[in-house]
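The structure appears below as structure tokens.
Letters go in sequence order (proteins before strands), and every chain restarts at 1.
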There are 2 protein chains.
Amino acid sequence: MSTDTLSPVSTLCLAILQCGEATGYEIKKESVEGDYRYFVDASYGSIYPALARLANDGYVTVREETHPGRPIRKIYSITPEGTDALIAALSQPPGPDQRRSRFLLVAKSAPHLPAAVVKAAVDERRRLLTEEMEHLRRITADYSDEPSVAWIVGYGLACMGTSLDYLEKNADDLVAIAKPPLADAAE
Amino acid sequence: MSTDTLSPVSTLCLAILQCGEATGYEIKKESVEGDYRYFVDASYGSIYPALARLANDGYVTVREETHPGRPIRKIYSITPEGTDALIAALSQPPGPDQRRSRFLLVAKSAPHLPAAVVKAAVDERRRLLTEEMEHLRRITADYSDEPSVAWIVGYGLACMGTSLDYLEKNADDLVAIAKPPLADAAE
DNA sequence: CCGAGATATATCGAACCGGGATATAGCCAC
DNA sequence: GTGGCTATATCCCGGTTCGATATATCTCGG
């Protein structure tokens with residue numbers, strides 16, 4: 001093993017490949033639209049280099065399919081060494097979740113922002129959460145045979161439910177904190 | 001305005017400076033230990049270049065304090081243009097939260113992992129969540145005069161509470177999904 | 001039926017970011 | 001008094017993002 005610690009994207013690629021071979025394009029789609037989208041995110045610029053490194057380290061193999069005209073399809077498969085590396089990587093303590101929230105930055109800055117901006121952010125967030133939860137509920141049926149996906153979806157629904165609930169109950173308080181639109185004489 | 005879209009780190013710096021002048025060191029501490037740590041994260045390697053860009057664009061000013069021996073203290077203050085840029089940046093729809101969760105990757109991969117690994121991850125996560133919530137409860141009193149911080153802390157506590165609750169109720173199910181330690185004959 | 005746009009697929013490059021190493025000088029603990 | 005921590009900034013390497021580019025098929029609106 002040339003590197004003892006796998007980068008997050010490399011770990012993600014191995015985890016996806018553990019469920020079956022895939023192309024870089026499919027891995028990206030999985031991490032943007034698929035079951036993984038709620039807790040990872042990766043772009044071409046990180047996935048393809050990561051796959052190249054993994055191939056170089058012997059953790060994945062590549063098989064090329066040439067379709068006339070189209071770019072070469074590079075299909076990646078995990079190797080036994082790759083499986084070992086994945087298990088080793090996932091065996092390390094996971095550490096806290098990392099959350100990046102533009103919305104919470106707006107909330108924190110509410111005292112310095114016009115009330116309309118705060119209100120728009122709250123509404124947008126409520127909309128997004130509602131949409132997301134609907135989507136999760138819709139796909140629950142499709143994946144009921146994969147229990148780990150069901151577990152994760154349940155987790156996501158629980159967290160988003162609480163989030164939405166807090167938002168609906170406390171939206172007015174937050175907007176009230178914002179800078180009142182009329183009295184801007186006093187900074 | 002030379003750039004119409006601020007980078008996330010630049011936005012963060014402006015948001016912090018909006019509450020008062022600070023050095024790069026203090027901004028970093030705020031984003032790692034302070035009120036912002038739950039939803040952003042930034043390092044020296046991103047903060048200092050961002051501050052330089054902001055200064056270059058006229059969004060912040062720098063004042064230098066030379067203490068004998070120590071490195072020069074560069075104290076940054078936001079300008080009116082900076083405030084405008086901050087408000088403009090925060091006025092754009094915030095988009096969904098981004099969550100990076102090593103733990104959920106473990107959960108998703110549970111069928112391919114030894115039960116002990118899954119159990120360790122669950123325990124570690126429970127520990128982290130409990131610690132984090134205790135810390136939040138402790139600081140609630142200190143910041144009761146800043147209502148936006150109180151709002152965010154309430155939000156965080158609600159989400160973490162649900163998270164912990166789901167974890168405690170469903171931990172066994174997840175561990176049960178993991179690969180049983182004895183029967184590893186059939187892959 | 002023709003062109004606009006989407007889909008599938010990979011690559012490249014510039015800018016940006018993360019984490020560690022480096023420098024320095026008081027202060028605290030042992 | 002030595003080693004480690006705090007305060008403070010800078011530099012660098014590798015990893016990451018995001019957009020541009022290439023190209024062939026397929027689909028949809030006009």
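For A:Ser46 and D:dT16, the shortest distance from a side-chain N or O to OP1 or OP2 is not below 4.0 Å. Side-chain nitrogen and oxygen atoms of B:Lys28 include none within less than 4.0 Å of the OP1 or OP2 phosphate oxygen of D:dA9. At C:dC17, one or more side-chain N or O atoms of B:Arg53 fall inside 4.0 Å of OP1 or OP2 (strictly under the cut-off). One finds a side-chain N or O of A:Tyr48 lying less than 4.0 angstrom from the OP1 or OP2 phosphate oxygen of C:dA10. Regarding contacts with the backbone of C:dT7, every side-chain N or O of A:Arg73 stays at 4.0 angstrom or more from both OP1 and OP2. OP1 and OP2 of C:dG20 both lie 4.0 Å or more from every side-chain N or O belonging to B:Ser43. Residue A:Thr23 places at least one side-chain N or O closer than 4.0 Å to OP1 or OP2 of C:dA10. Phosphate proximity of D:dA9 to B:Tyr25: absent, as no side-chain N or O sits under 4.0 Å from OP1 or OP2. A close approach under 4.0 Å does not occur between any side-chain nitrogen or oxygen of B:Lys29 and OP1 or OP2 of D:dT6.
Rounded to an integer number of Å, the gap from CD of B:Glu64 to C1' of D:dA9 is 11 Å. Between the CG atom of A:Leu54 and the P atom of D:dG15 there is a distance of 11 Å, given to the nearest Å. The interatomic distance linking B:Leu51 (CG) with D:dA9 (C1') rounds to 11 Å, in whole Å. Protein atom CG of B:Asp41 is 6 Å distant from nucleotide atom P of C:dG19, rounded to whole Å. Atom OH of A:Tyr76 is separated from atom C1' of C:dT9 by 11 Å (rounded to the nearest Å). One interatomic measurement links the two molecules: CD of B:Glu30 to C1' of D:dT8, which rounds to 17 Å at whole-angstrom precision. Between the CD1 atom of B:Ile27 and the P atom of D:dT10 there is a distance of 12 Å, given to the nearest Å. What separates CD1 of B:Ile72 from P of D:dT8 is a distance of 13 Å, to the nearest Å.
Among the nucleotides C:dT11, D:dT16, C:dG19, the one closest to the side chain of A:Ser7 is D:dT16. The side chain of B:Glu26 lies closest to D:dT8 when the candidates are C:dT9, D:dT8, C:dT11.
At the heavy-atom level, B:Gly45 lies under 4.0 Å from base atoms of the strands shown.
By the 4.0 Å N-to-carboxylate-O rule, A:Arg53 lies too far from A:Asp57 to be salt-bridged with it. In summary, B:Glu124 and B:Arg127 engage in a salt bridge, as defined by a charged side-chain N under 4.0 Å from a carboxylate O. One finds no salt bridge joining B:Arg37 and B:Glu33 here, because no Lys/Arg side-chain nitrogen approaches an Asp/Glu carboxylate oxygen to under 4.0 Å.
Among all heavy-atom pairs drawn from B:Glu132 and B:Tyr38, the shortest one is OE2-CE2, 2.8 Å. Closest heavy-atom contact between B:Ala22 and B:Ile27: CB-CG1, 4.1 Å.
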